[in-house]
Amino acid sequence: MRRRNLLILAGSGVTAAGLAACSGGSGSGGGTGGSAGSEVEVFTWWAQGSEKAGLDALVAQFEEDYPDFTFVNGSVAGGAGSAAKDMLQSRLQAGDPPDTFQAHAGEELADYIASAQIEDVSGLYDEYGLNDAFPQDLLELLTVDDMIYSVPSNIHRSNMVWTNNQLLEDAGIDPSAIPADVDAFTADVETAAASGVTGLSIGMAWTQVNLLEAILMADLGSEAYNGLWTGDTDWNGADVTTAIEHFETLMSFTNSDRDGLDWTDATQMQIDGTAAYNVMGDWAVASFQQADMVANEDFGFYPLSGGEAIFGFLADSFTLPVGAPNPDGTKAWLDTISSEAGQLGFSLAKGSIPARTDVDTVEFPTYQQTAIESYANDTICPSLAHGAATPVRWLNEITDATSQFTTGANAAAGYQEQLASIAESNLSA
Ligand code: GAL
């Protein structure tokens, strides 16, 4: 319906920017009152490599849908928003918001909502027909006090192991034999490391938190993992101790230059044939594809599991900041990224799956077919490292504690106590 409207508009020569100009906008900096600017600044951390390819796919669709708006790339490099989020916060506090910014569906939005930095966009859900297009559980995750503050572009999976199959074979490991639990996985990583390559490649602190989260999901199972974020699971419990021990052992098989590397570098080690394993979200698959590596031949993948089938969930989503200079441009961007064509093009390039349920995914590659199946059938757990499980502050505190632990400033026992007290203070905040 919406798309048909757009086509009629295009055919009638009335442009979205023209409509914006007619809607009573007062020029620049007019908040949501409707400014007529044509530039739309989109703030993301998709600055390079396969992530940039995903953004480029969205931009191409945006230019087709809204030729009278001009996309302005406000990206800040650094995986998982490791540099972007601080920069964004400074801009928001200085009253200099972009027209839209990338965030994660779920708890990450809580701080922006509490600080009144983003607008309720539930009206757009009605206007664009999104209440029918997105799955009910995703809508529930997005809804806060009957309002919705962002529009998802896709769904990613966080708890994946990636393998360089040649290196596994060289080490005598059968790439098709999926380890049954974290102990078995750790044994394989150790075997690979003993063959003279890096057992498990990893990067800076947030990638280490990504590994920790995958281990927690596998070792605790969905119920206890979810309870970590509600207070129902004791962070001082024996199962968390086991997970931290697994984390410590696995970290001992990683590259020593890790703190200077991003996820792209850690994945590149696998592409270059210097690292056997990596644990990372499924944006990694786009890098393997860009390097012409073939799924289940050159590289392999499976969720890190303790037996239960879990989908580590996160969704990129875009916002309408309070005081956005060009809110009509923002709404146009939100239209494109939520449309069938936008979601299809983006996920094909990015390694994710569409958040919409009505996108034809037959042409999706091997890995994404497994993600679609898992998202439909497995237990969904919110990602810690990617904003679905906690507000930004809680994640930042876990990341700092993790960094202290992996750089040797904290012993395992102290780390667990620290994680427990961080949970306590955030749950009582
Ligand atoms: C996540 C984001 C993904 C991907 C990843 C690595 O937080 O949701 O789309 O960009 O970071 O940067």
Side-chain angles (χ1 to χ4, degrees), residues 1-44 46-47 51-75 97-103 118-130 133-134 148-154 316-350 354-356 358-359:
M1 189 63 189
R2 166 171 53 114
R3 190 88 11 228
R4 192 164 340 122
N5 285 342
L6 288 177
L7 290 175
I8 292 166
L9 282 180
S12 67
V14 180
T15 65
L19 281 180
C22 297
S23 70
S26 58
S28 64
T32 53
S35 72
S38 70
E39 292 195 340
V40 186
E41 189 199 352
V42 177
F43 184 100
T44 70
W46 296 330
E51 297 189 296
K52 171 79 166 43
L55 180 61
D56 288 346
L58 284 179
V59 175
Q61 189 61 45
F62 183 60
E63 285 169 350
E64 197 179 319
D65 292 345
Y66 289 98
D68 294 304
F69 282 120
T70 306
F71 168 84
V72 175
N73 191 346
S75 64
D99 292 304
T100 183
F101 63 84
Q102 173 192 1
I118 50 179
E119 302 271 1
D120 169 29
V121 291
S122 52
L124 293 181
Y125 276 68
D126 296 328
E127 197 179 324
Y128 298 163
L130 302 180
F134 292 137
I148 301 186
Y149 292 88
S150 71
V151 178
S153 51
N154 63 305
D316 294 302
S317 66
F318 284 86
T319 57
L320 170 55
V322 170
N326 184 6
D328 294 303
T330 308
K331 289 171 191 165
W333 176 259
L334 296 179
D335 181 25
T336 291
I337 62 110
S338 62
S339 69
E340 280 178 68
Q343 300 230 329
L344 178 67
F346 179 71
S347 273
L348 278 173
K350 187 69 164 42
R356 294 181 70 109
D358 55 358
V359 176

Side chains of [X] and [Y], heavy atoms from C-beta outward: is any pair under 4.5 Å?
| X | Y | value |
| --- | --- | --- |
| Phe43 | Gln102 | no |
| Lys52 | Asn73 | yes |
| Tyr128 | Val151 | no |
| Trp46 | Leu58 | yes |
| Thr336 | Phe346 | no |
| Val42 | Pro98 | no |
| Ser338 | Tyr125 | no |
| Ile118 | Ser150 | no |

What is the distance from atom [atom1] of [X] to atom [atom2] of [Y], rounded to the nearest 0.5 Å?
| X | Y | atom1 | atom2 | answer |
| --- | --- | --- | --- | --- |
| Glu41 | Thr330 | CD | OG1 | 10.0 Å |
| Leu334 | Ser339 | CG | OG | 11.0 Å |
| Asn326 | Thr100 | CG | OG1 | 11.0 Å |
| Tyr149 | Glu119 | OH | CD | 9.0 Å |
| Gln61 | Trp333 | CD | CH2 | 10.5 Å |
| Thr44 | Glu51 | OG1 | CD | 8.0 Å |

Any donor and acceptor pair, going by atom type alone, linking the side chain of [X] with main-chain N or O of [Y] inside 3.5 Å?
| X | Y | answer |
| --- | --- | --- |
| Thr319 | Phe101 | yes |
| Asp120 | Ile148 | yes |
| Gln343 | Ile337 | yes |

Contact summary for [X] and [Y], nearest pair of heavy atoms:
| X | Y | value |
| --- | --- | --- |
| Gly54 | Ala349 | CA-CB, 3.9 Å |
| Glu340 | Asp358 | OE1-O, 3.4 Å |
| Gly345 | Ala57 | O-CB, 3.6 Å |
| Pro327 | Ala324 | CD-O, 3.3 Å |
| Asp99 | Pro325 | OD1-CD, 3.1 Å |

Report task. Give me the ring orientation class for Phe62 and Phe69: parallel if the planes are under 30° apart, tilted from 30 to 60°, perpendicular past 60°. Result ->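 Rings of Phe62 and Phe69: parallel, as their planes differ by under 30°.
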
Report task. For side-chain contact (heavy atoms from CB on, under 4.5 Å), just list the numbers for Phe71 and Leu55, CA-CA rounded to whole Å, side-chain angles, deciding distance to a tenth of an Å, and then say yes or no. Result -> CA-CA 11 Å; Phe71 168 84; Leu55 180 61; 4.2 Å; yes

